[in-house]
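The structure under discussion appears below in the form of structure tokens.
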Number of protein chains: 2
Amino acid sequence: MKDVKEAMEAFHQRLRDAGLKSTRQRDVIVETFFKIDKHISVDELLVEARKQSPRIGYATVYRTMKLLVEQGLANPRRFDDGQTRYDPEFDKEQHDHLICVDCRRIIEFDDDEVLARLNKIAADHGLKLRRRSVEIYGECQVTDCPHKAN
Amino acid sequence: MKDVKEAMEAFHQRLRDAGLKSTRQRDVIVETFFKIDKHISVDELLVEARKQSPRIGYATVYRTMKLLVEQGLANPRRFDDGQTRYDPEFDKEQHDHLICVDCRRIIEFDDDEVLARLNKIAADHGLKLRRRSVEIYGECQVTDCPHKAN
DNA sequence: CTTCCTGCAAAATGTTTGCATTTAT
DNA sequence: ATAAATGCAAACATTTTGCAGGAAG
């Protein structure tokens with residue numbers, strides 16, 4: 001997320017629009033989420049948020065992330081490790097993921113050619129593409145993968 | 001799966017190669033899995049398998065599916081509904097999925113152009129594609145979607 | 001007769017919910 | 001004042017594990 005302030009404003013606007021309340025906990029969680037700007041899990045987010053506000057509980061993080069998803073500001077992702085992770089989704093194209101099976105490194109990509117083709121495939125089946133999820137799992141061919149030895 | 005017999009033979013061969021045992025339960029589960037040939041969940045598989053062998057437990061189904069996955073005869077999939085489902089993977093190209101968000105219908109597809117592009121993307125990042133997961137979520141544009149009304 | 005497998009129940013995850021209390025509007 | 005949010009613990013759903021007994025090689 002390039003502009004955390006902008007994201008927070010969008011968030012507050014959505015809260016107002018929905019008649020929901022702005023609270024310290026939500027602000028801490030959401031701001032942490034946008035600042036970190038990586039594929040963060042609820043566990044990790046809780047740890048970070050507690051540095052700001054130590055009494056925050058799991059439930060609040062879950063509820064806040066659900067809210068962000070509903071408001072279109074975050075996307076839940078589930079890769080191969082059983083944890084739901086979240087991506088900021090604000091002023092940004094949807095993107096896809098390349099995951100190293102050796103070190104679990106996650107690389108984002110966005111490829112017009114793939115997307116165009118997926119649109120065509122959907123259309124050929126009478127559907128309109130609303131959302132897609134493209135993940136490539138690969139193994140390192142170079143020696144820069146820190147966990148390659150495993 | 002076109003040829004269940006062939007699939008079972010492959011399964012038994014893998015068991016032998018790995019020094020594992022062939023049991024009634026495994027046979028029932030695996031044969032059911034290959035016969036059904038759809039994206040089946042553990043729950044559904046257990047129900048079906050118990051028609052053949054009523055005392056089969058959850059754990060055995062989980063363990064058998066894990067085994068099939070390890071042996072490369074099944075692929076776990078997780079779409080948007082929180083359940084792990086399995087696809088047979090035998091003598092068959094890996095394929096991808098188009099999911100109708102209105103009726104949850106799942107259409108399989110396999111597109112060389114997409115695959116070629118994904119291979120290139122992986123290579124460009126120094127990885128070798130080992131596996132991919134491509135899902136398109138779309139909404140019906142025609143009137144043949146049974147749950148469109150929802 | 002040894003090793004592996006099964007079924008059960010218990011444990012371990014990850015996530016959601018109910019409720020009394022607190023907080024924002 | 002009212003409605004919504006929090007934190008805690010309990011409930012849930014799914015998957016994994018420990019173990020005693022049973023079956024396969």
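All values reported here derive from a predicted model rather than from experimental measurement. We use all heavy atoms of the structure for the numbers below, so side chains are in, but hydrogens, waters and symmetry mates are not. To find a chain, count down the sequence lines: A is the first, B the second, and so on, and within it residues start at 1.
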M65(B) CE to dT6(C) P, straight-line distance once rounded to whole Å: 14 Å
R78(B) and T84(B): side chain donor to acceptor below 3.5 Å: yes
Which nucleotide in dT14(D), dA24(D), dT16(C) has an atom nearest any side-chain atom of K66(A): dT16(C)
Beyond-backbone contact of I29(A) with L68(A), side-chain heavy atoms, under 4.5 angstrom: no
Exercise: identify the closest heavy-atom pair between V28(B) and S53(B): CG2-CB, 4.2 Å
Whole-Å gap separating C1' (dG14(C)) and CD1 (I40(A)): 16 Å
Atom-to-atom span, CD of E44(A) to P of dT13(C) - whole angstrom: 16 Å
Validation row: L115(A), N119(A) side chains within 4.5 angstrom (heavy atoms): yes
Side chain to side chain donor-acceptor pair (under 3.5 Å), paired with H39(B), selected from R77(B), R85(B), H97(B): H97(B)
Sugar-phosphate, base or nothing in reach of R26(A), heavy atoms under 4.0 Å: sugar-phosphate
Nearest-Å distance for atom pair CG/P, residues L15(A) and dA3(D): 19 Å
Hydrophobic cluster membership, L15(A) vs V61(A), 4.5 Å side-chain cutoff: yes
Whole angstrom value for the distance that separates P of dT14(D) from CG of L45(B): 15 Å
Out of dT15(D), dA9(D), dG25(D), whichever nucleotide has its closest atom nearest the side chain of T84(B): dT15(D)
Euclidean distance, atom CZ of residue R63(B) to atom P of dT16(D) [Å, nearest integer]: 11 Å
Contact nearer the 5' end of DNA chain C, comparing L67(B) with D81(A): L67(B)
Nearest-nucleotide pick for R78(B), side chain only, options being dC5(C), dT15(D), dC8(D): dT15(D)
H12(B) NE2 - dC5(C) P separation (whole Å): 13 Å
Nucleotide nearest L20(A) (side chain, heavy atoms from C-beta), chosen from dA9(C), dA4(D), dC8(D): dA4(D)
dC5(C) OP1/OP2 closer than 4.0 Å to side-chain N/O of Q25(B): no
Short side-chain N/O contact from T60(B) to OP1 or OP2 of dC5(C), under 4.0 Å: no
Any donor-acceptor N/O pair under 3.5 Å between dG25(D) base and R16(B) side chain: no
Short side-chain N/O contact to dT13(C) OP1/OP2 from Q83(A), under 4.0 Å: no
Between dA5(D) (C1') and Y58(A) (OH): distance, integer Å: 20 Å
Which nucleotide in dT14(D), dA5(D), dT3(C) has an atom nearest any side-chain atom of Y62(B): dT14(D)
First of R24(B) and I56(A) reached from the 5' end of DNA chain D, by closest nucleotide: I56(A)
5' precedence on DNA chain C between G82(A) and S22(A) (nearest-nucleotide basis): G82(A)
hbond_proxy K21(B) side chain to dA23(D) base (donor-acceptor, 3.5 Å cutoff): no
